[in-house]
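See below for the structure under consideration.
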Amino acid sequence: MVAAGHAAPAVPSGTIRPATRNDMPALKAVIDANDLFPSEMLDEMMAGYLDGTSAQEFWLTDDDGGPVAVTYCAPERMTSGTWNLHLIAVHPDRQGQGRGTALLRHIERGLAARGERVLLVETSGLPSFEHTRAFYRKSGYDEEARIRDFYQAGEDKVIFRKGLQDEDRSA
């Protein structure tokens, strides 16, 4: 499930770079501050990336005197050119500065330059996630699907889609 900060016109001053093993405590703090999932899960989630066995997936951070955001993207299995943004989170103290938007654009540009076709994002349909869904709409994503009661009774999974190639973006 993906949550994102509120986008703002301000330009973030951090540096987007690949996440490293040394970033783990700060990335866990971002996860905990956003109450996304138990941050202990991050060790297992990042294991293949950190040990080099998951060559295609990537983890990025926004480093501004230390990691203040995290994102995780991986190819969708059994597809050609379709990727999933599994996680994007900005520490609440740094939300509203355009950091989530900067990370998202960085991912989109990088995937598009490699010829990838589609980026998917899933998030919760709960009212408390409306700001997250608005973030994706504002970022040019279309709500592609909704799976009722996916996460639990009364909590839908909402899937957003964005074409990454020029011809897809105009559709």
Side-chain angles (χ1 to χ4, degrees), residues 1-12 14 16-19 27 30-31 33-37 41 45-46 49 54 56-62 68-92 94-171:
M1 189 167 18
V2 179
H6 303 284
V11 176
I16 296 173
R17 62 167 176 78
L27 298 180
V30 170
I31 298 301
N34 283 284
D35 198 28
L36 295 177
F37 51 83
M41 292 174 62
M45 291 172 67
M46 289 185 74
Y49 166 79
S54 295
Q56 286 195 302
E57 71 181 39
F58 59 89
W59 290 78
L60 299 173
T61 187
D62 178 354
V68 297
V70 60
T71 188
Y72 164 48
C73 196
E76 182 68 29
R77 293 179 184 157
M78 299 172 49
T79 68
S80 175
T82 300
W83 283 68
N84 246 306
L85 179 65
H86 292 290
L87 171 65
I88 185 169
V90 177
H91 195 284
R94 301 299 183 96
Q95 290 179 2
Q97 301 174 357
R99 293 175 188 280
T101 298
L103 279 166
L104 191 57
R105 294 292 176 251
H106 184 88
I107 290 166
E108 292 168 356
R109 284 191 304 271
L111 291 174
R114 294 171 25 179
E116 307 300 355
R117 301 177 310 105
V118 174
L119 184 57
L120 300 175
V121 183
E122 67 179 58
T123 191
S124 172
L126 290 175
S128 60
F129 279 78
E130 179 51 38
H131 70 281
T132 300
R133 294 188 301 275
F135 169 78
Y136 292 115
R137 285 186 209 102
K138 182 178 178 184
S139 298
Y141 287 74
D142 296 317
E143 185 174 323
E144 191 73 10
R146 180 178 290 258
I147 303 171
R148 292 184 311 263
D149 300 321
F150 181 83
Y151 294 110
Q152 60 187 349
E155 185 177 3
D156 299 350
K157 174 183 185 177
V158 181
I159 303 168
F160 287 88
R161 177 196 183 275
K162 186 172 188 179
L164 299 173
Q165 301 303 315
D166 289 337
E167 62 274 8
D168 292 332
R169 291 181 189 189
S170 62

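Just so we're clear, the structure is a prediction, and the values are computed from it rather than from any experiment.
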Q: Just do the side-chain contact (heavy atoms from CB on, under 4.5 Å) check on V158 and F160 with the steps written out, would you?
A: CA-CA 7 Å; V158 181; F160 287 88; 3.5 Å; yes
Heavy-atom distance under 4.5 Å between the side chains of [X] and [Y], does that happen here?
{"X": "E143", "Y": "Y136", "value": "no"}
{"X": "T132", "Y": "S124", "value": "no"}
{"X": "F58", "Y": "W83", "value": "yes"}
{"X": "Y72", "Y": "M46", "value": "no"}
{"X": "F135", "Y": "T101", "value": "yes"}
{"X": "I16", "Y": "R105", "value": "no"}

Give the minimum heavy-atom separation between [X] and [Y], together with the two atoms involved.
{"X": "L60", "Y": "L103", "result": "CB-CD2, 4.4 Å"}
{"X": "P18", "Y": "Y49", "result": "CB-OH, 3.5 Å"}
{"X": "L164", "Y": "A112", "result": "O-CB, 3.3 Å"}
{"X": "D149", "Y": "G154", "result": "OD1-N, 2.7 Å"}
{"X": "R99", "Y": "V68", "result": "NH1-CG2, 3.8 Å"}
{"X": "A89", "Y": "L36", "result": "CB-CD1, 3.6 Å"}

(Q) If we ignore hydrogens and angles and just use 3.5 Å, is the side chain of T71 paired with the main-chain N or O of L87 as donor and acceptor? (A) yes
(Q) Taking E108's backbone N and O only, do any of them form a donor-acceptor pair with K162's side chain (distance below 3.5 Å, no angle check)? (A) no
Once rounded to the nearest 0.5 Å, what's the spacing between atom [atom1] of [X] and atom [atom2] of [Y]?
{"X": "L126", "Y": "R133", "atom1": "CG", "atom2": "CZ", "answer": "7.5 Å"}
{"X": "L104", "Y": "R109", "atom1": "CG", "atom2": "CZ", "answer": "10.0 Å"}
{"X": "M45", "Y": "H86", "atom1": "CE", "atom2": "NE2", "answer": "8.5 Å"}
{"X": "I107", "Y": "L85", "atom1": "CD1", "atom2": "CG", "answer": "5.0 Å"}
{"X": "E144", "Y": "I159", "atom1": "CD", "atom2": "CD1", "answer": "8.5 Å"}
{"X": "L120", "Y": "Y141", "atom1": "CG", "atom2": "OH", "answer": "9.0 Å"}

Q. Just checking, any donor-acceptor pair under 3.5 angstrom between side chains of R117 and T82?
A. yes
Q.
Counting only heavy atoms from other residues, nucleotides and ligands, does the tally under 6.0 Å from CZ of R114 exceed 12?
A. yes
